[in-house]
Each structure stands twice: as C-alpha cells, then as structure tokens.
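Whatever order the structure lists them in is the order used to number ligands and atoms, beginning at 1.
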Amino acid sequence: MKPRELKPNVYWVGAVDWDRRLFDELIPLPDGTSYNAYLIKGSEKTALIDTVDPTMAEELISNLNRLDVKHIDFIVANHAEQDHSGTLPQILKLYPNATVVATPKCKTLLTELLLIPESKIMAVKDGETLSLGEKTLEFIHAPWVHWPETMLTYLREDRILFPCDLFGSHLASSDLYVTDEATVHEAAKRYYAEIMMPFRTIVQKNLEKIKDLQIDVIAPSHGPIYDKPEFILEAYRDWVYASPKNIVVLPYISMHGSTRKMVKHLVSALVERGITVKQFDLAKTDIGKLAMALVDAITVVIGTPTVLIGPHPKVVYAVYLTNALRPKLKFASIIGSYGWGGRMVEQITEMLSNLKVQLLEPVVIKGFPKKEDFKALDRLADEILNRHKSYEFNRR
Ligand code: FEO
C-alpha cells in the first residue's frame, strides 16, 4: 500500500498484513492486521513514528522511497515490541544520522532486544517535547499499555495522537480511516480483550491522563485510523469502566456427551431466567471470541469432563487464559462429569487466583446426567440469577 497523507506533511507509511493469521504464535488474527508507521515532515526536522514488523520491512522502505525521504532526524519508538520496533535496525542503516526517541525503559529494551547501541537512542521524559520546526511532538509516558516501556506521542499542531498499540485493532483494511464502525468495533474489542484487558486499571489511568488533550485524530499502530476519536474513546470507557453485564460465559469441552448434555440444560435454564449466555465449545472455538465475551460478563461457568485426575487440557488452557486476562467477572462455577474420580474442581479453582470471583456450588457428577443432576443444574441457574440480581441491587 502506498503512502497516504493524513494532514499536510503527515503520512501513513506502514504495511498491511492481509494474510497473517496468528500473533505471538498464540492470538488468532481472523482479519489480518496492519503495522502503521507515520512520517512527519516538519519545517526543520523529519520524524518517523514507529516502524513495522520486520517481515514487512520492504513495505516501509518502499514508502519512504516513494516520498523521496533522504534524511530522517528522529525515529520515535513508542513501544519496543518487535512488530513496531523490529525494522529499526534496517532503518538506522539506511538513515545513519537518525536518533531513536524512546522512554528510558524502552531505551534499555531496544538495546537488549534489537542490539541497538545506546548512543543511538535519546531517552525522553514524560511530557517532554521535541520541535520539528512548525510541528511539535509531545511524549506521554504510558507504562503498561501493554509493556512497561510504552509511550504515546501527540502531534500538537495537527492534534494527532499516536498511541501505538493502545486503541488499536488487528484488522487489515484498504481503508485508511474507519469506514465500517461495526467491523472496527469488533476488531478493536477483540484487541482490547486479548492485549489490554489485563491492564484495565492502568488503561483507566491513561484515559484520565489524555482526557484534556485536544484530539482530532487517533492514529494507532494497528488497524484503521480514527478520524472520529470519540468512537474508540467511548468504546474504551465502556470496556474499562462499565459494570459487568447480565451475561454468563460458558466455555466447555465434552468428550462423550455427558458434559454437553449438562451444558445444554444449564444454558436453557439460564436463558429461561432472562440471562444472556455465551457458549463456547473449546474444541472448535476461536479463543479470541472467548476473550471478547469475557469483557462484559459477570459470571463464568466452566464445563469439563475429567481427563486423568484433572480438567480436560483444552479447558486448562481456557481457564489459564481467563485468569491471565483478568476480566471483570464476579462469579464462577464449574460443571462436568467424571468416570471414577478426580480433582478438577480444586485444580480449576486454584487456577483462577487472579480473579476476585465468588465460587458458586459446582455441579460435578458421575457419568451421564440423571434427574437429580438436572435439578442441581436448575439450582445453580437459580443461584446465578440471585447473585446477578443482588449485584445489580447492591450497585444502585
Ligand atoms: Fe503491536 Fe505490543 O505490539
């Protein structure tokens, strides 16, 4: 994709990765992604904001050539993760007089991860500014969104915020700006759930920190650019501040049908009680969909058979992820079936140690569910309803 001008002398020069399907060899990317880098030509100095994943270095270099960029003074590294910093060494070879601008922590990481000499990196303080002539960059330290060194860069005169990963979305698109809000909302929510949700309280602090900035455009380093910033700011406010909703997320595995039968019964019982349920068969589901569902849910019910003495390994993975993502969940329970014994309730409970959830009486049965087991599931549905009501009541 060729360079595109956002504002006079501010260009998108990144790369769209249409075909990438996995990030960190972990996170599904059903819609690809982009690595957005930006070139700012001031009246005196030129700055590049972030680079691209090293697999797409040629795209960035071609774009700089298309704009006939002979000299770069500063390369702002908002984040040391390699999908943004990985092409720094190549760019520094092509533009040997460029100075990398980063937070002190990012400076250390860049020397360690990419072996960039310390002498090439200028550490900037929170709130420090850098003049490019008639354009001014302001650096806003924003640690832990989502690494300890992260920073946002604000271009004052054009009122553009470059937040790197924050507010981003894994979405390959030929559109420079958001055009289809529903699609971008889903991709940005998936991104928030997978990357930012574990740092929810820190995201809150950063939303506070930037609330008085005059922002016309938010130009993240993944996905389309927001020319209506309120769209993504409002979405983030909902994800990080709003109370959890009347939703049960139910990830499960069934090997021979017993647990599935229990899941079906519980889902019907919950729906009859006016509760929204999001059910995921972990043998098939896109784990990103599960992460997204956890953004708003108040309760998780884990469904699992026993394998050896514990939960099914795919359930272990989902529980580990749920615990790591630290969603707003308030209640949890476990349902499932065993053949001859096991410790799956204890093991799952131990794995949820990050979450401040109350455990509701699990329903773990021997073999195929019987009449009394369905009654126990109905009681669990009643208990979930009561807890949801009391939570809503307590918050009024
Ligand atoms: Fe897009 Fe944390 O890197």
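If you count the protein N, O or S atoms nearer to atom 2 (Fe) of ligand 1 than 2.8 Å, you get 4.
Note on ring orientation: taking the six-membered ring where Trp is involved, the planes of H79 and H84 are tilted (angle from 30° to 60°).
Within the structure, ring-ring contact (aromatic ring centres under 6.0 Å, His included) contacts touching residues 286-321 (residues at least two apart or in different chains) do not occur.
Side-chain atoms of H71 and T46 form no donor-acceptor pair, as typed in the model, at a separation below 3.5 Å.
Counting only distance, with no hydrogens or angles, the side chain of T87 and the backbone of V52 share a donor-acceptor pair below 3.5 Å.
Contacts of Y236 classified as ring pair (Phe, Tyr, Trp, His ring centres under 6.0 Å), with partners at least two apart in sequence or in another chain: F167, Y192, W239. Residues satisfying the side-chain contact (heavy atoms from CB on, under 4.5 Å) criterion with Q279, sequence neighbours excluded, are Y252, V263, V267.
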